[in-house]
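Shown next, in structure tokens, is the structure this report addresses.
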Amino acid sequence: MASEALAPGGRLLLVGSGHAHLFVMEGLGNGRFPAGVQATLLAPYQLHPYSGMVPGLLGGRYQPGEVVFDLEPLARWAGARFVQGSAASVDLRARVVELETGERFHYDLVSFAIGAGPPGSSIPGVGTAVPVKPIERMLNVVPALARAMERTGGRKVEIVVVGAGAAGVEIAFNLRARYTLLSSSRARITIVDGASQPLRDRSAAAAKLARRALTQHGIGLRLGSEVSEV
Ligand SMILES: Cc1cc2nc3c(=O)[nH]c(=O)nc-3n(C[C@H](O)[C@H](O)[C@H](O)COP(=O)(O)OP(=O)(O)OC[C@H]3O[C@@H](n4cnc5c(N)ncnc54)[C@H](O)[C@@H]3O)c2cc1C
């Protein structure tokens, strides 16, 4: 966010509805901003999934409606306005954000918290994979799996999870839970990563435990392998 203070009655524009701005909404709702602030929350989707629960959706523990929250009533509670749309450009001099639709929003203070995207967008064929970021895309994983099951008929489904970090490992375990508990057909699940151990930003002990649990659950690990094409 820009450093200057927001004056009472000022226009605050929050671009992106992820974790970062939810704390701002909490602050607005609890009166921690100057009086009369006119806040707008701008995001491409009205239903925002909570990433901590989305792996449980893959595993069959939760239903889609249980892992998302509706930004419109949340914004209303915070005294803000929710606008569904994607920011396409910003004019810092004029203090205007323009949406993909051409709609323009004037602000006194703007904050961009539009999250991260998975690296590797230039890998050939990557468009056919199912990305997990922005987090809303993860809601597409279950339907994509259902389509894969249909395509393969009775055969084993081959699932490759790219990335052996905390999210990739958690996703692989939950996919295994889904196919063990909810389906008669089994799936072969393999995690691929260029690193030499899973959870590379964690301790060696954590990596060892992860390896052991993955093996116990029949999840393959292909380490030291960078994905060059999908
Ligand atoms: C499988 C998985 C499990 C995870 N589990 C946990 C966990 O248990 N605990 C934990 O702390 N973290 C977890 N994380 C990490 C967590 O999701 C991120 O750290 C967090 O989402 C980052 O918050 P953010 O606000 O920066 O971005 P995000 O939450 O990604 O939000 C960015 C938002 O900006 C929107 N946006 C993008 N472009 C535009 C645009 N042009 N205009 C308007 N809006 C836009 C997006 O649609 C999105 O809603 C997990 C991540 C994954 C993938």
Side-chain angles (χ1 to χ4, degrees), residues 1 12-28 39-62 64 66-72 74-75 78 80-92 96-105 107 109-121 126 129-142 144-145 159-178 189 191-193 198-202 206 210 214 219:
M1 234 185 264
L12 171 65
L13 180 58
L14 303 169
V15 184
S17 60
H19 286 27
H21 280 160
L22 295 180
F23 288 106
V24 179
M25 300 299 281
E26 186 187 22
L28 281 163
T40 301
L41 176 67
L42 172 68
Y45 306 92
Q46 184 169 339
L47 297 178
H48 187 85
Y50 171 52
S51 60
M53 289 175 77
V54 172
L57 170 72
L58 303 188
R61 181 184 294 246
Y62 304 119
E66 293 176 299
V67 305
V68 293
F69 47 90
D70 192 330
L71 296 170
E72 200 279 324
L74 177 74
R81 179 169 63 127
F82 171 69
V83 173
Q84 188 168 355
S86 281
S89 66
V90 57
D91 182 337
L92 293 175
V96 175
V97 166
E98 188 167 314
L99 307 197
E100 282 171 348
T101 55
E103 203 178 346
R104 290 155 62 87
F105 287 86
Y107 63 82
L109 193 62
V110 66
S111 170
F112 283 86
I114 56 175
S121 57
V126 77
V130 187
V132 299
K133 281 283 180 173
I135 196 72
E136 291 91 347
R137 300 278 180 91
M138 269 194 79
L139 298 178
N140 298 331
V141 175
V142 173
L145 285 170
I159 300 174
V160 176
V161 177
V162 180
V169 167
E170 197 180 4
I171 286 170
F173 279 130
N174 277 282
L175 290 172
R176 172 54 79 218
R178 170 167 285 264
I189 303 171
I191 306 181
V192 177
D193 198 306
L199 308 182
R200 73 171 133 187
D201 55 349
R202 307 295 153 101
L214 287 166
I219 297 169

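Both counts, for ligands and for their atoms, begin at 1 and track the order of listing. Sequence positions, counted from 1, serve as the residue numbers for this chain.
Considering only heavy atoms from C-beta on, Val132 stays 4.5 Å or farther from Val54 through its side chain.
Which of Met138, Glu170, His48 comes nearest to atom 1 (C) of ligand 1 through a heavy atom is settled by distance: it is Met138. Closest heavy-atom approach to atom 49 (O) of ligand 1 among the candidates Lys133, His21, Glu136: Glu136. Evaluated by nearest non-hydrogen atom to atom 40 (C) of ligand 1, the leading choice among Ala167, Ala87, Ala116 is Ala87. Here the shortest heavy-atom distance to atom 34 (O) of ligand 1, taken over Ile114, Leu47, Asn174, Val83, belongs to Ile114.
In terms of polar-atom proximity, defined here as any N/O pair under 3.5 Å, Tyr50 makes no such contact with ligand 1.
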Output, in order, the C-alpha distance, side-chain angles, deciding distance and verdict of side chain to side chain contact (heavy atoms under 4.5 Å, CB included) for Val68 and Glu136. CA-CA 9 Å; Val68 293; Glu136 291 91 347; over 6 Å; no

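Of the protein's heavy atoms, Gly115 CA, 3.3 Å lies nearest to atom 27 (O) of ligand 1. Annotation: atom 44 (N) of ligand 1 to nearest protein heavy atom, Pro44 CD, 3.2 Å. Protein heavy atom at the shortest distance from atom 10 (C) of ligand 1 is His19 NE2, 4.6 Å. The protein atom (non-hydrogen) at minimum distance from atom 31 (O) of ligand 1 is Gly18 CA, 3.1 Å. In terms of protein heavy atoms, atom 6 (C) of ligand 1 is closest to Ser51 OG, 3.8 Å.
For atom 8 (O) of ligand 1, a protein non-hydrogen atom is found at a distance below 4.0 Å. Protein non-hydrogen atoms do reach within 4.0 Å of atom 38 (N) of ligand 1.
Among the candidates Val110, Val96, Val90, Leu99, the single residue satisfying the side-chain contact (heavy atoms from CB on, under 4.5 Å) test with Phe105 is Leu99.
Residues that satisfy the side chain to side chain contact (heavy atoms under 4.5 Å, CB included) test with Ala172, not counting sequence neighbours, are Val161, Ile189, Ile191, Ile219. Listed by chain and number, the residues in a side-chain hydrogen bond (donor to acceptor under 3.5 Å, both in side chains) with Glu103 amount to none (sequence neighbours excluded).
Across Arg61 and Glu66, no two heavy atoms sit closer than the pair O-OE1, 4.4 Å. Among all heavy-atom pairs drawn from Ala116 and Lys133, the shortest one is O-CB, 3.5 Å.
For the atom pair Leu58 CG and Arg176 CZ, the distance stands at 14.0 Å (nearest 0.5 Å). Taking OH from Tyr45 and CD1 from Ile135, the interatomic distance works out to 11.5 Å, rounded to the nearest 0.5 Å.
Within the structure, ligand 1 has Val15 among the residues with a heavy atom less than 4.0 angstrom away.
Remark: ligand 1 atoms within the under-4.0 Å shell around heavy atoms of Ser86 are 42 (N).
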